[in-house]
Amino acid sequence: MKRKLEYRWMLWCGIWAVVTLLAACDHLAKPSSSGRPYEVLVVVGDSLWQRPAGRALFDVLDTDIPGLPQPERSFRISQTDPQRFNQVLNIFRNIIKVDIAPNQYTQTKMKFTRDVYAQPQVVLTIQSPNEKDFAAFVQKNAQSIIDFLVKMEMNRQINELEKKHSEVVLYLADSIFSCQFWAPVEIKSYKKGKDFFWASSNTASGLVNICMYSYPYEGPRTFNKQYVLAKRDSVMKANIPGTEPRMYMATDTLCTSVKPIAVKGEYAMETRGLWKMEHDAMGGPFVSHSRVDTLNNRVVVAEGFVYAPEKMKRGLIRRLEAALYTLCLPGEQARELKASIPEVSVVAGKEQE
């Protein structure tokens, strides 16, 4: 009996070792994905790409990013016919496959898989019985498609920030707010104030900045647009002056939007728009998260803003936005950092878990 138990134990150990080895080999065998952040390869027939169904998908991906001073498309778009989709192209980081087959599908749906040909990678497949239904589906679910691809990229950037981030911002967030915060590693210069810090890359071009500040939580009214922007303006005026006494940072309220979002399953307010330096020519985009620190009954605001008049700002502001999701308030766990992406398949007219 004892020998049988020992044999079974050795057998299970051997099976487990083989499974682990195969998984490791599969992981190592996949090449690194290609392409820059926010690049998308659409795998669709050349003629279909030019017809209304293909144009509907192109128009979704070609949508401008909100809150930037100049129009910039959400993604850099490439297209290839399925016959040209080979080992060179299939390692693209973001792939959308268009699969229209009347004999296979009765409704349009969207699903995704990770790391199919390379890593990190996402392959989003849209299946439909006909071109008309396909076009209607992508138009109706345009924001879902955009949000999904953006969050996938942000999660990759969060993984990079976990490995390499600004020690200055990490120290300031902890010492002033008892929070954890991972910001881009090049952010090293800083200024401190009361319940406030501003940290910057201080570079000659493509200047990226992180701010944190807090104020008492006063119930639901704390999260309306007027209140949030008034607090931002008062904090920035006091802490970020210009080169002359009459110059200070302010919010361009006409180009700013606020909306509720969920961060780590909790309510937060996202503010996105443009900042300007009063009585000066400086300005650019910003994005912030306002969150309630329930342990200390306060609102903690983390913000990223960019000054890059000579550059496109899509990559800069989105990298800072990804960093905002790494903010851990007192009592929260670092392992919950990822931007929330529900594992769902979207079907025409409904969502299914």
Side-chain angles (χ1 to χ4, degrees), residues 15-44 57 60-61 65 73-99 109-127 141 144-166 182-186 263-264 314-326 328 333-346 353:
I15 293 172
W16 176 253
V18 170
V19 170
T20 303
L21 180 62
L22 289 174
C25 289
D26 180 64
H27 180 79
L28 293 173
K30 291 179 180 176
S32 298
S33 55
S34 66
R36 292 173 292 180
Y38 302 99
E39 286 189 323
V40 178
L41 175 66
V42 182
V43 182
V44 59
L57 179 56
V60 168
L61 299 175
I65 301 173
R73 62 172 56 174
S74 294
F75 306 99
R76 183 184 178 92
I77 309 163
S78 300
Q79 176 267 333
T80 188
D81 189 276
Q83 294 183 353
R84 297 192 299 271
F85 187 61
N86 53 29
Q87 291 182 339
V88 175
L89 295 177
N90 69 12
I91 62 172
F92 229 76
R93 63 194 294 133
N94 301 306
I95 297 172
I96 298 179
K97 287 186 173 182
V98 177
D99 185 8
K109 63 181 180 180
M110 181 172 69
K111 62 181 183 179
F112 73 93
T113 50
R114 292 188 176 93
D115 303 340
V116 179
Y117 310 103
Q119 56 187 3
Q121 182 187 63
V122 63
V123 179
L124 184 67
T125 304
I126 306 176
Q127 301 168 331
N141 294 281
S144 296
I145 294 170
I146 293 170
D147 290 345
F148 173 80
L149 293 170
V150 168
K151 286 184 177 180
M152 279 294 183
E153 285 289 7
M154 286 190 178
N155 280 344
R156 293 167 186 158
Q157 291 174 324
I158 289 170
N159 287 335
E160 293 173 3
L161 287 169
E162 182 177 10
K163 299 171 186 175
K164 195 173 183 180
H165 49 263
S166 169
W182 296 338
V185 68
E186 68 269 22
V263 178
K264 301 181 180 68
R314 177 184 67 191
L316 297 174
I317 195 68
R318 279 182 166 169
R319 188 161 170 249
L320 293 176
E321 185 176 356
L324 301 184
Y325 283 97
T326 73
C328 280
Q333 298 296 317
R335 65 176 179 271
E336 300 170 344
L337 290 175
K338 299 292 175 64
S340 175
I341 300 178
E343 301 279 343
V344 301
S345 294
V346 180
E353 291 291 344

I'd like to check [X] versus [Y] (side-chain heavy atoms, cut-off strictly below 4.5 Å). Are they in contact?
X	Y	answer
Val150	Glu321	no
Leu324	Met154	no
Asn155	Tyr325	no
Leu61	Ile96	yes

* **Chi angles and distances behind the side chain to side chain contact (heavy atoms under 4.5 Å, CB included) call for Met152, Phe112** => CA-CA 11 Å; Met152 279 294 183; Phe112 73 93; 3.7 Å; yes
To the nearest 0.5 Å, tell me how far [X] [atom1] sits from [Y] [atom2].
X	Y	atom1	atom2	result
Ile126	Leu57	CD1	CG	5.5 Å
Ile65	Phe75	CD1	CZ	8.0 Å
Gln119	Arg114	CD	CZ	13.0 Å
Trp182	Leu161	CH2	CG	8.5 Å
Glu39	Ile77	CD	CD1	11.0 Å
Thr326	His165	OG1	NE2	8.5 Å

Shortest non-hydrogen separation from [X] to [Y] and the atoms involved:
X	Y	value
Tyr38	Asn94	N-ND2, 4.3 Å
Ser74	Arg318	O-NH1, 2.7 Å
Arg93	Gly35	NH1-O, 3.1 Å
Ala323	Pro184	CB-CD, 4.2 Å
Val185	Arg319	N-NH2, 4.3 Å
Lys30	Val116	CE-O, 3.9 Å

Keeping the roles fixed (side chain from [X], backbone from [Y]), state whether a donor-acceptor pair exists under 3.5 Å.
X	Y	value
Asn86	Leu89	yes
Gln79	Val44	yes
Thr125	Lys97	no

* Does the side chain of Gln121 pick up a donor-acceptor pair with the side chain of Asn90 at under 3.5 Å? -> no
* To do: Return the set of residues passing side-chain contact (heavy atoms from CB on, under 4.5 Å) with Ile91 (not counting sequence neighbours), or none when no residue passes.
  =>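 Scan of Ile91 (side-chain contact (heavy atoms from CB on, under 4.5 Å), adjacent residues dropped) gives Pro31, Ser34, Ala118.
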* Please list, chain by chain and in numerical order, all residues satisfying side-chain contact (heavy atoms from CB on, under 4.5 Å) with Asp81, sequence neighbours excluded. => Asp46, Gln83, Arg84
* Asked: Is the number of heavy atoms from other residues, nucleotides or ligands within 6.0 Å of CZ (Arg76) greater than 12?
  -> no
* Phe85: partners by ring pair (Phe, Tyr, Trp, His ring centres under 6.0 Å), with sequence neighbours left out -> Tyr117
